[in-house]
Amino acid sequence: MTCALDGAETAEALERYRRRAEGSLAGGLLLLLAGALFAFRPGSAGIATVLAWPVTFGVMFALVGVGSLVIARRMRTVLAAGEWSAHTAVPVARRLHSPAVVLGSPATGELWPLTLVAVRWRQDAAEPGPNGVLRWCGDPRTGGVLAHPDSGKLFWAKPVRGGAARRRVVRRAEARGLPAPVAPTGPRPAGGGTAPPPRPRRRGRWRWLVLASVLLLAPAVSWSSASADDPQIDLTVLSEEPDGDCVVRWEDPWDGRERTGPFRCDLDRGPLLAEWETAFVVSYGPWKGELYGWLGEDRHGSPAQGVTDGLGVGGALGLLTGLVGGAVSLWLRRRPSGPVRVSFPAPAAAVPPVVTRPAPTYERLAALAGHQPVPGPRRPEADARAVPWWRVRALRRVAGVPSVLGALGVCAFMGGLALSGLDDFNPAQVYVTGTLGAAAFLFHGFRLLTAGRPTALLLARAATAPVPVVRRYALLYDPYGGGPVLVLFPAHGGAEDLPEAVLPLVPPGTRRKPRLGLPPAPTGTVELRGWLDRADDGRPIVVAWIGDRPLWPMDPYREAGTAEAASLLDRLAPPPTVPGPQTPP
């Protein structure tokens, strides 16, 4: 008997999950160790302020790593005892709890409300694929493993606690509708078949550069902060040369013993002060108790300041290079690639429930659009036909200009503080914040030049195309994310016309009110401009004009005959299920 863990893809995905948990734990412990060494030593109030956030993140990453290792062990136990099965799935967002996923049992028609156990930045990856299917292995009464059909990522899910909470989650899932299960595409994680060879393991050069730079910056920041408290003491001049080279004696302010060494005396001091001089004493590092002095050819004085500056500059340059290089490498690895063209029959138990599928006619979708909330008033914006692209607010957002300007503002502000010489600001805080701001500016600037600006120019060229194509539209909202979608119909037809295409749109409003600026009428006519430029997959780039305002597309034009358009139409107008599924007790 085979189990889910026998598949090479499943074993590899579980190993990636475990390595990621170990990396999170190691990173958290490293940050905590740095805090223990530099932030909480006696007399280090300044550095404790600087490292407050890294120590906090260290605790968080360490806890996430420990919890993930425990979950990885549970996953291995469940995957070694069960097999994969395909289930229809609907995600349900909850404000005060982790998001839930409702699975439809293909055998009994029951619905299983499950709570997703994952950190916030991984929860979006648990969205079902275009066919609304997730793979499941486990017992819905105790917990199990969810697998995304395309990416193969694994997630732990446990039953929603409380009968009232389960019924509430199920009602919200039924309101969205569960699509009929279909065989998912992508590499099969269960046993059987030949899995593709594993990817070569990345060496992680950038992360080691960042780690080495942090180890250089930690003592530099600590010593730079401690130098603000260096004491000034009196020196006794024992001998003095005509060029100012002296031999002085002083008392160590920490252990009280007398010390003798070279020093550069001030030639302009008066005769009464011939045997007296003042200097600052180093209060940190291996040079504690030594004198600051003139570092010329004879290297008089302690090298503490030079070593601190060298470590700071080297660590900052290394950290900047590592963060930018790692971010660019991550962005290049996550560029969309072609789907894996591997298919296999659905499991024998995956029998779709009895559903009725009314045709997505113009009359039906227009009625659904009329019951949705009316968008707010439009925001004033420059006309894309009369001004360059960078003067259009929406195109600036698409290109990523606000992110570049925000990072540049942080760099300018921190640079001004560093040049002003204000004593009220900790130089270490200004230094670290400025370095991170510079890294963010270089990363977002690289994305602007390589992807953002070409995309904005492509959309601006499509919006100003000379010959428009007129179509009817129904404005609906995708339940997976709430983004606006234009469903397009023939310009001249009746109520029984079927859709020609769908066009997902970029929300024109703000983050809190994304629907500001959408057309107030849920149905009407739209002018489609563009058609000349095409995406990498051959789909045309089209910009919709309603009235005198453009609506910028999120994706290229999707014709109704494609699988993506059919899946999106099923989500926009879900069919009712007969009979209604049973909620587990």
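Model, not experiment: these values are computed from the prediction.
The salt bridge (Lys or Arg N to Asp or Glu O under 4.0 Å) test applied to Arg396 returns no partner, not counting sequence neighbours. Looking at residues two or more places apart in sequence or on another chain, you find no salt bridge (Lys or Arg N to Asp or Glu O under 4.0 Å) involving Glu363. With sequence neighbours left out, the salt bridge (Lys or Arg N to Asp or Glu O under 4.0 Å) criterion links Arg534 to no other residue. Shown here are the side-chain contact (heavy atoms from CB on, under 4.5 Å) partners of Leu457, two or more places apart in sequence or in another chain: Trp389, Arg453. Residues that satisfy the side-chain contact (heavy atoms from CB on, under 4.5 Å) test with Pro550, not counting sequence neighbours, are Val543, Trp545, Trp552. The side chain to side chain donor-acceptor pair (under 3.5 Å) test applied to Arg397 returns no partner, not counting sequence neighbours. In terms of the ring-ring contact (aromatic ring centres under 6.0 Å, His included) criterion, Phe441 has no residue partners (sequence neighbours excluded). Arg549 pairs by the salt bridge (Lys or Arg N to Asp or Glu O under 4.0 Å) definition with Glu381, not counting sequence neighbours.
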- Show your reasoning for whether side chain to side chain contact (heavy atoms under 4.5 Å, CB included) applies to Arg172 and Val92. CA-CA 7 Å; Arg172 296 180 62 182; Val92 178; 3.8 Å; yes
- Task: For the pair Arg135 and His87, evaluate side chain to side chain contact (heavy atoms under 4.5 Å, CB included) and give the outcome as yes or no after the intermediate values.
- Result: CA-CA 6 Å; Arg135 293 190 179 94; His87 297 259; over 6 Å; no
- Task: Decide side chain to side chain contact (heavy atoms under 4.5 Å, CB included) for Val502 and Leu488; before the verdict, give the C-alpha distance in whole Å, the side-chain angles of both, and the deciding distance to 0.1 Å.
- Result: CA-CA 6 Å; Val502 291; Leu488 304 173; over 6 Å; no
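Side-chain contact between Pro468 and Leu528 is absent, with no heavy-atom pair separated by less than 4.5 Å. Leu323 has its side chain out of reach of Ser213: every pair of non-hydrogen atoms, C-beta onward, lies at least 4.5 Å apart. Side chains of Phe489 and Val487 form a contact here, defined as non-hydrogen atoms less than 4.5 Å apart. Contact of the Pro454 side chain with the Leu449 side chain is not registered, since no non-hydrogen atoms from C-beta on lie closer than 4.5 Å. The closest side-chain heavy-atom distance from Pro553 to Val542 is not below 4.5 Å. A 4.5 Å side-chain heavy-atom check between Leu503 and Val485 finds every atom pair outside the cut-off. Annotation: side chain of Met554 is not in contact with side chain of Leu505 (no heavy-atom distance under 4.5 Å). Here the side chains of Leu572 and Leu368 are not in contact, with every heavy-atom distance at 4.5 Å or above.
Side-chain atoms of Thr361 do not come within 3.5 Å of backbone N or O of Leu498 as any donor-acceptor pair. Under a 3.5 Å cut-off, the side chain of Arg472 and the backbone N or O of Thr525 do not form any donor-acceptor pair. Between the side chain of Thr455 and the main chain of Ala451, a donor-acceptor pair closer than 3.5 Å is present. Side chain of Ser24 to main chain of Ala21: no donor-acceptor pair is present (N/O by atom type, distance under 3.5 Å, no hydrogens or angles). With Arg529 contributing its side chain and Ala465 its backbone, the two residues share a donor-acceptor pair below 3.5 Å.
A distance of 6.5 Å separates CG in Leu146 from CG in Leu114, rounded to the nearest 0.5 Å. Taken from OG1 in Thr523 to CG in Leu475, the straight-line distance is 9.5 Å, to the nearest 0.5 Å. Rounding to the nearest 0.5 angstrom, the gap separating the SG atom in Cys411 from the CG atom in Leu436 is 9.5 Å. Within the model, atoms CG of Asp497 and CG of Leu365 stand 11.5 Å from one another, a figure rounded to the nearest 0.5 Å. Summarising the geometry, atom CG belonging to Leu111 is positioned 12.5 Å from atom CZ belonging to Arg171; distances are rounded to the nearest 0.5 Å. The structure places CD of Glu527 at 10.0 Å from CD1 of Ile546, a figure rounded to the nearest 0.5 Å.
The nearest pair of heavy atoms linking Ala462 to Ile541 is CB-O, 4.0 Å. Across every non-hydrogen atom of Gly315 and Leu216, the tightest pair is CA-CB, 4.0 Å. Pro113 approaches Val170 most closely through the heavy-atom pair CG-CG2, 4.1 Å. Heavy-atom minimum distance, Leu448 versus Ala399: CD1-O, 3.4 Å. The nearest pair of heavy atoms linking Pro522 to Ala369 is CB-O, 3.5 Å. Contact between Ala147 and Leu134 at its shortest, heavy atoms only, is O-CD2, 3.8 Å.
Contacts classified as ring-ring contact (aromatic ring centres under 6.0 Å, His included) and involving residues 508-537 (residues at least two apart or in different chains) are given here: Trp531-Tyr557. Listed by first and then second residue, the ring-ring contact (aromatic ring centres under 6.0 Å, His included) pairs that reach into residues 456-475 come to none, sequence neighbours excluded. Residues in residues 309-324 take part in no salt bridge (charged side-chain N to carboxylate O under 4.0 Å, His left out) pair, two or more places apart or across chains. Among residues at least two apart or in separate chains, salt bridge (charged side-chain N to carboxylate O under 4.0 Å, His left out) pairs with a member in residues 461-471 are Arg461-Asp533, Arg471-Glu500.
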